[in-house]
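One structure is given below, encoded as structure tokens.
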Amino acid sequence: MRRPTMAVIAAAALVISGLGTATATAKGPDDRVGVSGTDLKTDEIGRSANVKHLANIAPSGVLAEGVGTDLAFQDDKAFVGNYDGFSIIDVRNPKKPKTIVQVSCPGSQNDISVSGDLLYLSTDSSRSDDSCESESQPATEKASWEGIKIFDISDLENPEYVKSVETACGSHTHTLVPGKGARKGNDYLYVSSYSPRDEYPDCQTPHDLVSIVKVDTETPTSSKVIATPNLFPDGGNPGGEGPTPIADRSATTGCHDITALPHKNLAAGACMGDGIIMDIEDPEQPRVIERVQDNENFAFWHSATFNADASKVVFTDELGGGGAATCDAETGPERGANAIYDLSKLGKLTFKSYYKIPRHQHASENCVAHNGSIIPVANRDIMVQSWYQCGVSVWDFTDSENPKELGYFERGPLPESLGTGGTWSTYYYNGHLFSSDLVRGFDVLKFRDKATKRADRIIMDELNVQSQPKYKVR
């Protein structure tokens with residue numbers, strides 16, 4: 001295998017603060033602060049009174065044309081994935097974030113996580129090789145590469161690409177599971193990938209598995225795939241006619257996303273047509289202990305989030321693949337939504353309700369439930385979440401059967417020439433909300449509410465949302 005190389009370019013950031021926010025509070029589906037009816041202008045901002053937009057770093061440099069994706073955090077730094085690579089941003093002053101470095105390394109979707117001095121990237125597009133100068137190449141060619149890339153970030157201004165690991169069907173996302181006990185010092189990456197085809201030599205059917213990459217954090221160059229456990233011996237959900245004309249119900253051919261809760265030895269998987277709970281006490285041999293389906297309303301099980309005490313799981317349905325306008329009256333409140341499940345101590349899931357943003361959106365705005373994280377507050381279950389062009393929603397699911405929105409932030413629709421856009425991921429970290437927008441860059445928001453005031457005093461030194469920590473809730 002050829003030694004990977006990369007281009008590292010430090011870039012100055014354009015920071016824009018306080019973009020014309022309003023102060024009233026939205027009261028219903030058609031009441032959007034800062035905008036009026038369907039006469040929406042690009043970048044016109046609507047928000048609830050308890051959400052303030054602090055800053056934006058617009059796309060620039062080698063990542064200017066790429067799509068913004070996921071986020072990870074360490075100390076006062078944010079790590080932002082992009083289809084063309086990743087950036088590292090100093091967020092010590094949330095009102096004035098500054099780009100430290102941009103790394104050019106194309107390969108969708110560059111899902112990202114950090115662990116000490118290591119950074120992991122998922123490549124889910126067929127490439128000519130494993131370098132950062134690779135070009136797109138058909139998956140039908142055996143020589144094509146996709147999988148995990150590992151960087152040394154001990155010098156934040158000069159990340160070093162140190163290792164690649166090829167995985168079957170690439171890596172759409174990955175989940176970091178830190179080793180414990182005798183396995184301490186190792187990171188395990190649960191690689192989620194899907195959509196096999198018989199004509200793909202490195203992505204054959206069936207594909208009912210995850211690839212587990214073991215990383216010795218002291219010698220990451222020895223990283224390799226150590227197991228490919230079959231999660232669906234019966235083949236998983238066979239798929240079928242969808243809940244709406246927008247999309248069929250997905251068959252299960254792997255997982256889209258897995259969220260681990262290491263301190264509870266649990267993981268929740270969103271696997272296209274199935275939602276699962278896994279026992280990960282032995283991280284090298286995860287076991288499926290619960291499985292649910294929703295063939296009436298869910299089209300594509302996309303992601304999962306535990307609440308703080310692991311008594312609930314929120315699964316998301318990415319109806320239309322993120323490219324459709326599903327936040328409207330026709331689609332309704334139960335499709336393209338979140339599904340809230342209570343989780344018993346024995347690992348059994350019980351469906352309770354759906355949550356979807358309570359505002360109908362412009363017909364050109366792609367909108368569906370996407371990535372988010374909990375805001376750690378004692379005795380409350382509160383989550384912040386991205387909904388693509390329909391913005392950021394902060395919502396409360398303490399009562400599993402009666403979730404409600406607490407606040408929101410959104411912009412007007414993009415020009416038709418730009419098509420799909422909006423916020424991909426929004427996460428709570430050390431008192432602020434950080435959002436990665438597909439085309440508008442990196443945003444910082446502040447949510448001010450008595451319900452979450454205590455959470456702002458919780459300071460973390462690292463956060464990968466798909467590896468949920470044991471929060472010290474207050």
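All residue numbers refer to positions in the sequence shown, counting from 1. Because the structure is predicted, anything quoted here is derived from the model rather than measured.
For V384 against V394, the heavy-atom pair with the smallest separation is CG2-CG2, 4.0 Å. For the pair A304 and V313, the tightest heavy-atom approach, listed with the atom from each and the gap, is CB-CG1, 4.2 Å. Shortest non-hydrogen contact noted between N110 and G85 is ND2-N, 3.2 Å. Between A72 and N464, the shortest heavy-atom distance links the atoms CB-OD1, 3.4 Å. Residues I258 and G269 come closest through the heavy atom pair CG1-CA, 4.1 Å. When all heavy atoms of P229 and A227 are compared, the closest pair comes out as CD-C, 3.5 Å.
No option in I88, I100, D152 other than I88 meets the side chain to side chain contact (heavy atoms under 4.5 Å, CB included) test with P159. With E146 as the fixed residue, the side chain to side chain contact (heavy atoms under 4.5 Å, CB included) test singles out one of T167, T123, D202: T123.
Considering only heavy atoms from C-beta on, S373 stays 4.5 Å or farther from Q468 through its side chain. Counting heavy atoms from C-beta on, the side chains of I340 and P403 come closer than 4.5 Å. By the 4.5 Å heavy-atom criterion applied to side chains, L71 and I112 are not counted as neighbours. Two residues are said to be in side-chain contact when any heavy atoms from C-beta on lie closer than 4.5 Å; Y200 and T140 meet this criterion. Side-chain contact between T331 and K356 is present, with heavy atoms from C-beta onward closer than 4.5 Å. Under the 4.5 Å side-chain criterion, counting only non-hydrogen atoms from C-beta, L63 is in contact with N82. Side-chain contact between W301 and M272 is absent, with no heavy atoms from C-beta onward closer than 4.5 Å. Taking the side chain as every heavy atom from C-beta outward, W395 and I382 never approach each other to under 4.5 Å.
Between the T205 side chain and the D198 main chain, no donor and acceptor come within less than 3.5 Å of each other. A distance-only check finds no donor-acceptor pair linking the side chain of K163 to the backbone of V215 [under 3.5 Å]. A donor-acceptor pair is defined here as one N or O able to donate and one able to accept, closer than 3.5 Å; no such pair exists between the side chain of D75 and the backbone of K77. One N or O on the side chain of N237 and one on the backbone of G273 form a donor-acceptor pair closer than 3.5 Å. T316 places no side-chain N or O within 3.5 Å of a backbone atom of N338 that could act as its donor or acceptor partner. A donor-acceptor distance shorter than 3.5 angstrom exists from the side chain of S386 to the backbone of T426, with no hydrogens or angles considered. The backbone N or O of V101 lies less than 3.5 Å from no partner atom in the side chain of S87, so there is not a single donor-acceptor pair. Under the 3.5 Å distance criterion, the side-chain polar atoms of T326 are left unmatched by any main-chain donor or acceptor of G320. Judged by distance alone, the side chain of S144 and the main-chain N or O of E141 form a donor-acceptor pair under 3.5 Å. Of the possible polar contacts, none joining the Y471 side chain to the N307 backbone as a donor-acceptor pair under 3.5 Å is found.
At a cut-off of 3.5 Å, with distance as the only test, no side-chain donor of D124 or Q109 sits close to an acceptor on the other residue. For the residue pair D274 / T252, a side-chain donor-acceptor distance below 3.5 Å is found, with atom types taken as modelled. Defined by atom type and a distance below 3.5 Å, a donor-acceptor pair is present between the side-chain atoms of H174 and S113. A donor-acceptor contact under 3.5 angstrom links the side chains of E405 and S393, judged on distance only. The closest side-chain donor-acceptor pair between D111 and Y120, if any, does not fall under 3.5 angstrom. A donor atom on one side chain and an acceptor atom on the other are not found under 3.5 Å apart for D117 and S154. Between the side chains of S435 and T423, a donor-acceptor pair is found at a separation under 3.5 Å.
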(request) Could you walk me through whether F442 and N56 pass the side chain to side chain contact (heavy atoms under 4.5 Å, CB included) test, one step at a time? (result) CA-CA 5 Å; F442 178 75; N56 169 264; 5.8 Å; no
Requested in this report: Go through the steps for R411 and D443 under the test salt bridge (charged side-chain N to carboxylate O under 4.0 Å, His left out), then give the verdict.
Outcome: CA-CA 12 Å; R411 294 181 168 100; D443 287 301; 2.9 Å; yes
Would R448 and T452 count as a side chain to side chain contact (heavy atoms under 4.5 Å, CB included) if you check the C-alpha gap in whole Å, the side-chain angles of each, and the deciding distance to 0.1 Å?
CA-CA 7 Å; R448 299 185 183 277; T452 61; over 6 Å; no
_Stepwise side chain to side chain contact (heavy atoms under 4.5 Å, CB included) test for L433 and K446_ = CA-CA 6 Å; L433 310 180; K446 181 65 180 179; over 6 Å; no
Apply side chain to side chain contact (heavy atoms under 4.5 Å, CB included) to residues F232 and C255 and explain how you reach the verdict. CA-CA 10 Å; F232 303 97; C255 292; 4.3 Å; yes
Evaluate H207 against Y194 for ring-ring contact (aromatic ring centres under 6.0 Å, His included), listing each step before the verdict.
CA-CA 7 Å; H207 184 75; Y194 56 92; 8.8 Å; no
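Atom OG of S171 and atom CG of L189 lie 8.0 Å apart (nearest 0.5 Å). From Y190, atom OH reaches atom CG of L209 across 13.5 Å, with rounding to the nearest 0.5 Å. With rounding to the nearest 0.5 Å, the separation of CD1 in I458 from CG in D456 is 9.0 Å. In this structure, CD on E318 lies 4.0 Å from NE2 on H302, to the nearest 0.5 angstrom. Rounding to the nearest 0.5 angstrom, the gap separating the CZ atom in R92 from the CD1 atom in I89 is 14.0 Å.
Using a 4.0 Å cut-off between charged side-chain N and carboxylate O, D328 and R335 make no salt bridge. By the 4.0 Å N-to-carboxylate-O rule, D130 lies too far from K149 to be salt-bridged with it. A salt bridge is absent between R249 and D317; no separation between the charged side-chain nitrogens and carboxylate oxygens falls under 4.0 Å.
Using cut-offs of 30° and 60° on the angle between ring planes, the pair F298 and Y354 is tilted.
Between F434 and F73, the distance from one ring center to the other falls under 6.0 angstrom. In summary, the aromatic rings of H370 and Y388 are positioned with their centroids under 6.0 Å apart. F86 and F151 have their aromatic ring centers within a separation under 6.0 angstrom. Ring pair F300/H256: centre-to-centre distance below 6.0 Å.
Residues passing the side-chain hydrogen bond (donor to acceptor under 3.5 Å, both in side chains) test with Q466 are Y427, sequence neighbours excluded.
Pairing of C390 with C327 by a disulfide is not supported, the SG atoms lying 2.5 Å or further apart. Cysteines C169 and C203: SG-SG separation is under 2.5 Å.
For E199, the CD atom sits in a packed shell: over 12 heavy atoms of surrounding residues, nucleotides or ligands are nearer than 6.0 Å.
A cation-pi contact links R359 to Y408, judged by a cut-off of 6.0 Å to the six-membered ring centre and 45° from its axis.
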